[in-house]
**Q** 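Pasting a structure below so you can have a look.
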Protein chains: 2
Amino acid sequence: MSSRSETITRILDSAESHICKKGYNAFSFREIAHEIGIKSASVHYHFPTKANLAAAVVLRYTDSFIKSLGEPNSPNADAKDLLKNYIQEFQNVLISNDSMCLGGILSAELTSLPDEVADATRQFFIENLRWLTDVLQLHFGVNDIAISHFKAMKILAMLEGTLIVMRSLNREVQFEEMVEDFLNLS
Amino acid sequence: MSSRSETITRILDSAESHICKKGYNAFSFREIAHEIGIKSASVHYHFPTKANLAAAVVLRYTDSFIKSLGEPNSPNADAKDLLKNYIQEFQNVLISNDSMCLGGILSAELTSLPDEVADATRQFFIENLRWLTDVLQLHFGVNDIAISHFKAMKILAMLEGTLIVMRSLNREVQFEEMVEDFLNLS
DNA sequence: ATCAATCTATCTACTGATAGATAGCTTTGA
DNA sequence: TCAAAGCTATCTATCAGTAGATAGATTGAT
C-alpha cells in the first residue's frame, strides 16, 4: 500500500496527464483509478468531487510551473535566460506527445467548467502574466508598466496560440522564432 | 413543421453555438433537440452520430468563414482590407459572449475527438493558412513562399492565442495591436 | 398511397457520487 | 502493558442520472 501522499501524487499525476491530453470533460474517475490500480471510490476518498480534483491539479500545475521558471528578482538572474527557458517550457509541451498546456486546454473549455476549476485556470494566466511582466520590467528597462504588461500578453498569447495551431497541423516549429518580432533574445 | 433544410440548419446552428461555447465533449443531442423543439431521436435522423454532426458543423463553419473572407485573387481586392477584416472576425468572436473560435476549441480537445471531427478541424487550420499565405503572397510582394507561410502561421497563432488568453482574463484587447509587430496595417 | 420526418419508448454503457464494510495502523487511558 | 477506541485507506455494491443510439409506430404533406 502506498502512503497517503504517494497515492495523492499518483492521482494528481494521472489526472493532469489526462486533462492535458483530453480536457476536463473527457476524463473520468474510473480511468484514473484503473490507471493507478485502485477503485474510483478511493479516488473520491482523496478528492470528493471531480471539480475538487481538477482544481487541485491546476493549482499544483501553476505552482510548480511558476516555481520552475525562477525568481525574476534574484540578483544573478539573466533576463534572456529566464525568457529562453520560459519559451522552452512551451516547446517541451509540444514535444510531449498529444499534450496541451493545461491552462490552454482548460481556458478553451472555460464555459463548461465548474467555478473552482475556472477560477484556478484564470489564476494560471494571471500568474504567468505577472511573472513575464516582472522579467520584462526588471531586465529590459521597460519602465512603463503598461508597455511591459502588453508585451507579456503578446508573448503568452503567441505561445498558447502556437500550441493550439501546431496541435492540429502536427508540424514542428521553433517557438523562439514565433516571438522574435517583439522579443529579441539573440 | 419546418422543411428538411430548415431543421438541419437549426440543428447545425445550435450545435455550432454549443461547441463554440463548451467544446465537443460537453454538448449533447438532448440539449440541442430541446433547444430547437424536437426530440433527440429526430436529430439522429438527420445526423446519425455525434461525430457526424460535429464534423458537419466544422465543415460548414470552415466553408462559410473562408468564403466570408473574400477571394485574394480578386482584381479589386485590397490586401490591407482583407487582413483587417480577417482580424476583425476574431475580434467579433471575443465580443460574442462566452464563445471561442470553433477551430481553436476543437484543436484543444483534438486528442479526444473522433477521427472525422479531428480531420475537419485540421482542415480548418489548413484553409486559414492557405488563405493568409495567398493574401500575403499576392499583395505584400513576399515572393518567398516559405516567408509568407511563416508569417501566416504567426498571424493565425497570435489570433487564436489571444482568444484563449483573453477568455480567461476576461479583458478587452485590440487584436490588430496584437499582431502589429509583424503585420503593419496602418 | 407513399414516404420523409418526427415521435415514443427503450437499450446499453457510462458518469459522478455515496453507503457500508473491512483490514490494519495509531492513539489513548487505566 | 495492553486492550479499547478511533483513524486511514481501501474495497464492494449500488444509486440516480445522462450519454449516444436504435426500433418501430405515427403523422402529414404531396
Side-chain angles (χ1 to χ4, degrees), chain A residues 1-19 21-58 105-106 109 111-120, chain B residues 1-19 21-58 105-106 109 111-120:
Chain A
M1 190 191 301
S2 308
S3 76
R4 172 181 176 80
S5 68
E6 267 178 80
T7 302
I8 286 178
T9 299
R10 288 203 291 162
I11 293 172
L12 289 170
D13 288 347
S14 173
E16 180 179 313
S17 162
H18 276 93
I19 297 175
K21 284 178 185 145
K22 309 182 300 181
Y24 176 83
N25 293 299
F27 91 92
S28 75
F29 273 59
R30 278 175 179 77
E31 63 188 336
I32 285 171
H34 183 259
E35 192 167 296
I36 69 176
I38 60 176
K39 297 295 172 179
S40 78
S42 306
V43 181
H44 278 283
Y45 172 77
H46 295 287
F47 300 96
T49 65
K50 188 177 183 180
N52 181 274
L53 169 56
V57 167
V58 181
I105 198 166
L106 290 179
E109 292 185 295
T111 316
S112 61
L113 297 181
D115 285 348
E116 52 182 321
V117 186
D119 289 344
Chain B
M1 188 189 301
S2 309
S3 75
R4 172 182 176 82
S5 70
E6 267 179 81
T7 302
I8 287 179
T9 299
R10 289 203 291 162
I11 292 172
L12 290 171
D13 288 347
S14 173
E16 180 180 313
S17 163
H18 276 93
I19 298 175
K21 285 179 184 142
K22 310 182 298 180
Y24 177 83
N25 293 300
F27 91 92
S28 74
F29 274 58
R30 279 176 177 76
E31 60 188 341
I32 285 170
H34 183 259
E35 192 167 294
I36 68 176
I38 60 176
K39 299 293 173 182
S40 77
S42 306
V43 180
H44 277 283
Y45 173 76
H46 295 287
F47 300 96
T49 66
K50 187 178 182 179
N52 180 274
L53 169 54
V57 166
V58 181
I105 198 166
L106 290 178
E109 293 185 295
T111 316
S112 60
L113 296 181
D115 284 348
E116 52 182 321
V117 185
D119 289 344

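Note that the structure is a prediction, hence the values are computed from the model and not measured. Here is the naming used below: chain letters follow the sequence lines, and residue numbers restart at 1 for every chain. Excluded from the calculations below are hydrogen atoms, water molecules and symmetry mates; all remaining heavy atoms, backbone and side chain alike, are included.
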**Q** Five pairs per end, C1' atoms only: what is the angle between the end axes of the helix from C:dA1-D:dT30 to C:dA30-D:dT1, to 10 degrees?
**A**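 The angle separating the two end axes equals 20°.
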**Q** What heavy-atom pair brings A:Ser40 and A:Ala33 nearest, and what distance separates the two atoms?
**A**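 For A:Ser40 versus A:Ala33, the nearest heavy atoms are N-CB, 3.5 Å.
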**Q** What distance do B:Glu109 atom CD and B:Ile19 atom CD1 have between them, rounded to the nearest 0.5 Å?
**A**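 Here the interatomic distance stands at 8.5 Å.
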**Q** Is a side-chain donor or acceptor of A:Thr111 paired with a backbone partner of B:Lys21 at a separation under 3.5 angstrom?
**A**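 Indeed, once roles are kept as given, a pair shorter than 3.5 Å links the two residues.
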**Q** Between atom CD1 of B:Ile32 and atom CZ of B:Phe47, what is the distance when rounded to the nearest 0.5 Å?
**A**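 B:Ile32 atom CD1 to B:Phe47 atom CZ measures 9.5 Å (nearest 0.5 Å).
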**Q** Can you list everything that forms a salt bridge (Lys or Arg N to Asp or Glu O under 4.0 Å) with B:Glu31? Sequence neighbours excluded, please.
**A**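 For B:Glu31, the residues satisfying salt bridge (Lys or Arg N to Asp or Glu O under 4.0 Å) (neighbours in sequence not counted) are B:Lys22.
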**Q** Nearest 0.5 Å, please: how far is OG1 in A:Thr9 from CD1 in A:Ile11?
**A**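 So the CD1 of A:Ile11 and the OG1 of A:Thr9 are separated by 9.0 Å.
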**Q** Can you tell me how far apart CG (B:Leu12) and OG (B:Ser17) are? Round to the nearest 0.5 Å.
**A**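 Between B:Leu12 CG and B:Ser17 OG, I get 12.5 Å after rounding to 0.5 Å.
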**Q** Send over the distance from B:His44 NE2 to D:dA19 P, rounded to a whole Å.
**A**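 In whole Å, D:dA19 P and B:His44 NE2 are 11 Å from each other.
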**Q** Quick check: closest heavy atoms across B:Glu35 and B:Ser14, and the distance to 0.1 Å?
**A**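 Nearest heavy atoms, B:Glu35 then B:Ser14: OE2-OG, 3.0 Å.
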**Q** Would one find a side-chain N or O of B:Tyr45 under 4.0 angstrom from OP1 or OP2 of C:dT6?
**A**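 So the side chain of B:Tyr45 is outside the cut-off, no N or O lying under 4.0 Å from OP1 or OP2 of C:dT6.
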**Q** Check side-chain contact (heavy atoms from CB on, under 4.5 Å) between B:Asp119 and all other residues, then give those that pass, not counting sequence neighbours.
**A**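 Testing B:Asp119 for side-chain contact (heavy atoms from CB on, under 4.5 Å), a comparison that skips the adjacent residues, returns B:Arg122.
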**Q** When the distance from CD of B:Glu6 to C1' of C:dT6 is rounded to whole Å, what number comes out?
**A**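 That distance rounds to 15 Å.
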**Q** List the atom pairs, donor and acceptor, that lie under 3.5 Å between side-chain atoms in residues 48-56 of chain B and the rest of the protein, sequence neighbours left out.
**A**
from: B:Thr49; atom 1: OG1; to: B:Asn52; atom 2: N; distance (Å): 3.0
from: B:Lys50; atom 1: NZ; to: B:Tyr24; atom 2: O; distance (Å): 3.1
from: B:Lys50; atom 1: NZ; to: B:Phe27; atom 2: O; distance (Å): 2.9

**Q** Let's see if you get this right: which residues in residues 27-40 of chain A place a heavy atom under 4.0 Å from DNA chain C?
**A**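 Residues of residues 27-40 of chain A that come under 4.0 Å of DNA chain C are, in numerical order, A:Phe27, A:Ser28, A:Phe29, A:Arg30.
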**Q** Could you check which residues of residues 47-56 of chain B get a heavy atom under 4.0 Å from DNA chain D? Sort them by number, please.
**A**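 Here the set is B:Pro48, B:Thr49, B:Lys50.
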